[in-house]
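Have a look at the structure below, then the notes.
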Amino acid sequence: MSETQLFDKISLLRLAFSGLADDELQEMAVLTQICTYPPGSVLCHEGAYEDTFYIVAEGNAAISKKISAEDGERILRIAGKGDLIGEMALIQNVPRSATVRTTTDCAMLEMDKGDFETMLRRSPSMAINIIRITLDRMRENDQTAIKDLQNTNKVLRQLDRNKLEFIQVAAHELRTPLTVLKGYANVLRSFPEIKENTALGEVMDGINKGADRMHEVVNTMLDVTRIDSETLKLRAAPVPIKRVIIDIAHDFSKAAAERRIEITLEQDAETPNVNGDPTLIQKALYHLIVNAIKYTPDGGKVILCSRPITMDHNMPGVEISVKDSGIGLDAEHHELVFEKFYQVGGVAIHSSGKTTFKGGGPGLGLAIVRGVARTHGGKAWVESSGHDEGNFPGSIFYLQLPVDPPNS
Ligand code: ADP
């Protein structure tokens with residue numbers, strides 16, 4: 001080996017590893033060789049066991065990682081003069097975690113695995129250097145990942161706002177012609193020709209029922225946009241929770257009886273009133289009860305409970321739970337069902353009935369429940385041992401609200 005090449009190697013090694021003694025640098029220089037590569041050469045293959053450790057002497061190489069089949073490969077960083085490549089896989093004895101591809105003409109100082117391990121054993125300064133470089137890189141990767149996540153969250157928030165705006169416009173646009181349709185249908189209903197004709201009367205009833213259901217869906221769409229908007233102000237008033245539950249249970253008694261579902265109330269006498277928004281709380285309870293009936297087979301049971309509780313920071317609160325003997329819900333969906341439009345299974349199961357078994361819906365009910373909980377400073381969640389349409393393990397949906405919501 002020529003004197004100049006040795007000298008070049010030593011100055012490069014000094015750049016890569018600070019604080020190494022001259023004899024250690026000499027020893028490393030002897031164990032390394034300089035190789036050159038044209039642009040586009042792959043030095044490390046992600047997933048492969050390979051035996052070479054590189055220090056970039058000249059040029060640049062891109063370090064990239066496969067993210068997923070859809071997202072393809074992503075460049076993590078560009079290595080330049082003095083950067084180490086491939087040391088982590090050698091130390092851990094694992095396959096390469098990334099692909100390294102030269103982007104320019106490159107010169108690399110290379111050492112094979114055996115020599116690299118010998119050097120590590122012999123030179124604590126080199127080992128410490130590698131640990132420091134690796135930790136710095138991990139910290140940098142963390143920062144990049146955090147920044148990426150923040151950017152992705154920003155984009156997702158914007159997309160969510162776009163979605164809400166679309167729902168709002170669509171709901172408003174649908175509401176006007178629907179109101180016109182219902183008006184004309186009512187006028188038609190009063191015509192003697194229709195009043196006296198049973199068959200036509202049934203057709204008119206069908207039109208009215210369909211229009212009412214559409215109106216309900218449109219209103220639910222508007223509710224979700226209102227509840228999700230950050231500007232929502234609570235119109236607080238004392239809400240007699242026990243009374244509200246009794247009234248809603250009564251409203252559903254006919255629909256439940258048609259499917260032989262028994263609705264039972266188990267309310268603690270001490271259940272307090274909540275200084276919240278009566279309309280919002282009613283809507284949340286409405287959706288919980290509609291769901292309990294909808295996802296319970298004929299002949300099942302729905303139990304509505306309420307009790308006083310102490311929430312975080314010793315705040316007095318109320319817990320309402322809706323327990324059913326229905327199909328249940330697998331753990332992987334427990335959080336997702338509270339997202340707008342999220343439905344378990346395909347949309348093909350949809351039928352138009354509000355309380356028909358597994359009738360389906362727009363997937364907005366639980367988003368409204370959680371929205372109402374949040375605007376009141378409370379929380380909503382579900383417990384269920386899993387989905388089983390043979391044994392019907394059921395689900396319990398909880399809604400906790402503070403007696404005095406912070407923003408009331
Ligand atoms: P949907 O309009 O589809 O009922 P929701 O937001 O009210 O929308 O519910 C979202 C999903 O959560 C439903 O599609 C259903 O799969 C599941 N779900 C809701 N309530 C229950 C329940 N009581 N038992 C089992 N699954 C439920």
Side-chain angles (χ1 to χ4, degrees), residues 160-187 189 204-237 239 241 244-245 247-256 274 276-295 320 322 337-343 347 349-356 358-376 378 380 397 399 401:
D160 203 48
R161 273 198 293 271
N162 295 355
K163 197 161 76 180
L164 276 178
E165 271 167 30
F166 170 76
I167 304 171
Q168 200 169 17
V169 171
H172 276 300
E173 291 298 319
L174 285 171
R175 202 152 70 156
T176 318
L178 250 180
T179 312
V180 175
L181 179 84
K182 278 177 64 173
Y184 278 122
N186 278 335
V187 174
R189 189 86 181 85
M204 283 315 301
D205 283 348
I207 293 175
N208 270 329
K209 239 170 124 181
D212 282 346
R213 179 78 186 114
M214 266 172 87
H215 214 229
E216 233 174 278
V217 173
V218 164
N219 283 340
T220 305
M221 285 160 75
L222 286 173
D223 283 344
V224 88
T225 60
R226 258 184 238 129
I227 288 166
D228 237 47
S229 98
E230 284 138 21
T231 53
L232 180 80
K233 275 250 160 284
L234 286 187
R235 292 206 194 101
V239 185
I241 294 292
V244 173
I245 293 179
D247 289 347
I248 297 189
H250 182 260
D251 291 346
F252 279 102
S253 56
K254 188 164 165 269
V274 164
D277 191 309
T279 318
L280 292 182
I281 294 174
Q282 260 163 1
K283 284 185 173 161
L285 295 177
Y286 167 91
H287 288 290
L288 288 179
I289 297 169
V290 165
N291 280 350
I293 298 175
K294 198 161 64 172
Y295 297 104
I320 300 154
V322 178
V337 287
F338 290 95
E339 290 296 323
K340 289 182 283 295
F341 300 111
Y342 187 84
Q343 294 178 320
V347 279
I349 56 161
H350 275 212
S351 80
S352 54
K354 185 170 66 184
T355 50
T356 13
K358 297 202 293 173
L364 294 173
L366 292 177
I368 291 178
V369 173
R370 182 156 280 176
V372 170
R374 286 211 175 124
T375 47
H376 284 81
F397 282 81
L399 173 63
L401 300 171

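The analysis underlying the following values was restricted to heavy atoms, covering all of them including side chains, and did not include hydrogens, waters or symmetry mates.
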Applying the side chain to side chain contact (heavy atoms under 4.5 Å, CB included) test to Val322, which of Leu399, Asn291, Leu288 qualifies? Leu288
Roughly how far, to the nearest 0.5 Å, is CG of Leu364 from CD of Gln343? 8.5 Å
Taking every non-hydrogen atom, the tightest pair across Ile289 and Phe252: CG2-CD1, 3.8 Å
Roughly how far apart are Arg175 CZ and Met221 CE, rounded to 0.5 Å? 11.0 Å
Heavy-atom pair with the smallest gap, counting every atom of Ala185 and Asn208: CB-OD1, 3.7 Å
Are the side chains of Arg213 and Val217 in touch, meaning some heavy atoms are under 4.5 Å apart? yes
Can you tell me how far OG1 of Thr220 sits from NE2 of His287, rounded to the nearest 0.5 angstrom? 4.5 Å
Minimum heavy-atom separation for Leu178 to His215, with atom names? CD1-N, 3.8 Å
Could you give the distance from CD1 (Ile227) to NZ (Lys340), rounded to the nearest 0.5 Å? 10.5 Å
Which pair of non-hydrogen atoms, one from Leu181 and one from Ala211, has the smallest distance, and what is that distance? CD2-CB, 4.2 Å
Judged by atom type as modelled, is there a donor-acceptor pair below 3.5 Å linking the side chain of His172 to the main-chain atoms of Leu222? no
Are the side chains of Lys163 and Asp160 in contact, using a 4.5 Å heavy-atom criterion? yes
Reported CD1-to-CD1 distance for the pair Ile245 and Ile320, which is rounded to 0.5 angstrom: 4.5 Å
Between Tyr286 and Glu216, what is the shortest heavy-atom contact and its length? OH-OE2, 2.9 Å
Could you walk me through whether Asp205 and Arg189 satisfy the side chain to side chain contact (heavy atoms under 4.5 Å, CB included) test, starting with their C-alpha distance in whole Å, then the side-chain angles of each, then the deciding distance to 0.1 Å, before giving a yes or no? CA-CA 9 Å; Asp205 283 348; Arg189 189 86 181 85; 3.3 Å; yes
Nearest non-hydrogen partners of Arg235 and Asp277, listed with the distance: N-OD2, 3.0 Å
When you check the gap from the basic side-chain N to the acidic O, do Arg226 and Asp223 get nearer than 4.0 Å? yes
Could you tell me whether Phe341 atom CZ has more than 12 heavy atoms of other residues or ligands within 6.0 Å of it? yes
Starting at OG1 of Thr225, measure out to CD1 of Ile368 and round the result to the nearest 0.5 Å. 9.0 Å
Just checking Tyr342: does its OH atom have more than 12 heavy atoms from other residues, nucleotides or ligands closer to it than 6.0 angstrom? yes
Is the shortest heavy-atom distance from the side chain of Ile281 to the side chain of Leu401 under 4.5 Å? yes
Please check: side-chain N/O of His376 versus main-chain N/O of Val372, any donor-acceptor pairing under 3.5 Å? yes
